[in-house]
**Q** 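First, the structure itself, so that you have it in front of you.
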Amino acid sequence: MKKFQTGLTLLELMVAVAILGIIASIALWDSSDMLEENRAESFLLELKRNISFARSQAASTDEIVVVCPTGQGRIKNNKDTFNCQKVWDENKIITVFIDIDNDGNFNKATDTLLRAMEEISDNDKLTFTGNDRRLRFNTSGRITTNPGDFVFCPNGGTENNKALTLSQSGTAFYTGDTTKKCG
């Protein structure tokens with residue numbers, strides 16, 4: 001008569017426990033840091049594209065082009081005018097427009113709205129160290145306002161902050177991780 005073995009060998013048990021451990025670590029993995037980093041990087045790269053677009057528009061059209069923050073209600077409700085605001089994150093939407101009358105504010109009768117970025121999440125912060133309420137590009141593509149750094153802080157925190165540097169020539173450089181904080 002043959003004896004049949006019942007139960008598990010030690011090797012089979014170790015393999016089963018290892019597989020369960022891998023599945024549990026995947027299921028319980030906290031991806032919030034990665035999502036914050038991706039959101040910050042995505043926003044700043046979109047801002048960089050809009051700054052580059054504004055610079056090229058100014059040089060190619062021989063017009064003054066302005067990049068500035070404004071209230072989201074002014075854009076969504078298609079108001080005739082809006083002013084550039086001082087704070088870059090509380091006003092939520094960053095716009096790009098040709099400033100024909102050269103007053104630094106948008107007037108539908110004279111100026112042309114080129115782009116409006118998606119609104120910034122209420123939890124996120126964006127600061128600009130150039131201490132200006134707008135970026136103004138002259139006909140050569142250079143900025144006539146102060147250069148500085150944009151710092152994006154996801155969830156208003158001190159972790160996963162990313163930066164974008166704007167030079168006097170009007171060129172934007174994504175610098176990535178930074179220890180700088182938002183206001």
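All residue numbers in this chain count up from 1 along the given sequence.
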**Q** With side chain to side chain contact (heavy atoms under 4.5 Å, CB included) as the test, would you mind laying out the steps for D111 and I98 before giving the verdict?
**A** CA-CA 6 Å; D111 302 333; I98 296 175; 5.9 Å; no

**Q** Quick check: closest heavy atoms across A40 and K162, and the distance to 0.1 Å?
**A** CB-CG, 3.4 Å

**Q** Regarding D62 and T139, do their side chains bring together a donor and an acceptor under 3.5 Å, going by distance alone?
**A** no

**Q** Verify side chain to side chain contact (heavy atoms under 4.5 Å, CB included) between I22 and I19, making sure each step is shown before the conclusion.
**A** CA-CA 5 Å; I22 291 169; I19 291 172; 5.7 Å; no

**Q** Would you check if the side chain of E41 reaches a backbone N or O of N38 as a donor-acceptor pair within less than 3.5 Å?
**A** no

**Q** Would you call P154 and N161 a side-chain contact if the rule is heavy atoms closer than 4.5 Å?
**A** yes

**Q** Less than 4.0 Å between a side-chain N and a carboxylate O, is that true for R136 and D99?
**A** no

**Q** Would you say F53 and Q57 make side-chain contact, with heavy atoms under 4.5 Å?
**A** yes

**Q** Apply the test side chain to side chain contact (heavy atoms under 4.5 Å, CB included) to residues V66 and C84: give CA-CA distance (whole Å), side-chain angles for both, the deciding distance (0.1 Å), then the verdict.
**A** CA-CA 9 Å; V66 172; C84 294; 4.1 Å; yes

**Q** Just so I know, are the side chains of T95 and I93 near enough to count as touching, which here means a heavy-atom distance under 4.5 Å?
**A** yes

**Q** Could you tell me whether the side chain of I51 reaches within less than 4.5 Å of the side chain of L166, counting heavy atoms only?
**A** yes

**Q** Is R142 close enough and on-axis enough to F137, meaning under 6.0 Å and within 45°, for cation-pi?
**A** no

**Q** So do the side chains of R133 and Q85 get within less than 4.5 Å of each other, counting heavy atoms only?
**A** no

**Q** Answer with yes or no whether the hydrophobic clustering places V151 together with L45; edges join I, L, V, M, F, W, Y residues whose side-chain heavy atoms lie under 4.5 Å apart.
**A** no

**Q** State, to 0.1 Å, how close P147 and S167 come at their nearest heavy-atom pair, and which atoms those are.
**A** CB-C, 3.8 Å

**Q** Do L164 and F152 have side chains that get closer than 4.5 Å, going by heavy atoms?
**A** no

**Q** Got a second to check how far R49's CZ is from Y174's OH, nearest 0.5 Å?
**A** 11.5 Å

**Q** Mind checking whether F82 and F97 have parallel, tilted or perpendicular rings, split at 30° and 60°?
**A** perpendicular

**Q** Please say which of D101, N102, T81 ends up in a side chain to side chain donor-acceptor pair (under 3.5 Å) with T110.
**A** D101

**Q** Looking at V67, is its backbone amide N or carbonyl O close enough to the side chain of R115 to form a donor-acceptor pair, meaning the two atoms are under 3.5 Å apart?
**A** no

**Q** Does the side chain of L113 come within less than 4.5 Å of F106's, by heavy atoms?
**A** yes

**Q** Hydrophobic clusters here meaning ILVMFWY residues chained together by side-chain heavy-atom distances under 4.5 Å, can you tell me if V15 and I23 are in one?
**A** yes

**Q** Check whether any side-chain heavy atom of L135 sits under 4.5 Å from a side-chain heavy atom of F150, and report yes or no.
**A** yes

**Q** Can you find a side-chain donor-acceptor pair between T144 and N138 that sits under 3.5 Å?
**A** no

**Q** Determine, using the 4.5 Å side-chain heavy-atom cutoff (strictly less than), whether W88 and F173 are members of one ILVMFWY cluster.
**A** no

**Q** Where is the tightest heavy-atom contact between A54 and V96, given as atom of each residue plus distance?
**A** CB-CG1, 3.8 Å

**Q** Using the rule side chain to side chain donor-acceptor pair (under 3.5 Å), only one of D149, T171, T178 pairs with T165; which is it?
**A** D149

**Q** Measuring from S60:OG to R55:CZ, what's the distance to the nearest 0.5 Å?
**A** 12.0 Å

**Q** Take atom CD in E46; do more than 12 heavy atoms of anything else shown fall under 6.0 Å from it?
**A** yes

**Q** Would you say D124's side chain and N155's backbone share a donor-acceptor pair under 3.5 angstrom?
**A** yes

**Q** Does the pair N105 and R134 meet the rule for a side chain to side chain contact (heavy atoms under 4.5 Å, CB included), with working shown?
**A** CA-CA 9 Å; N105 297 309; R134 68 175 79 66; 4.1 Å; yes

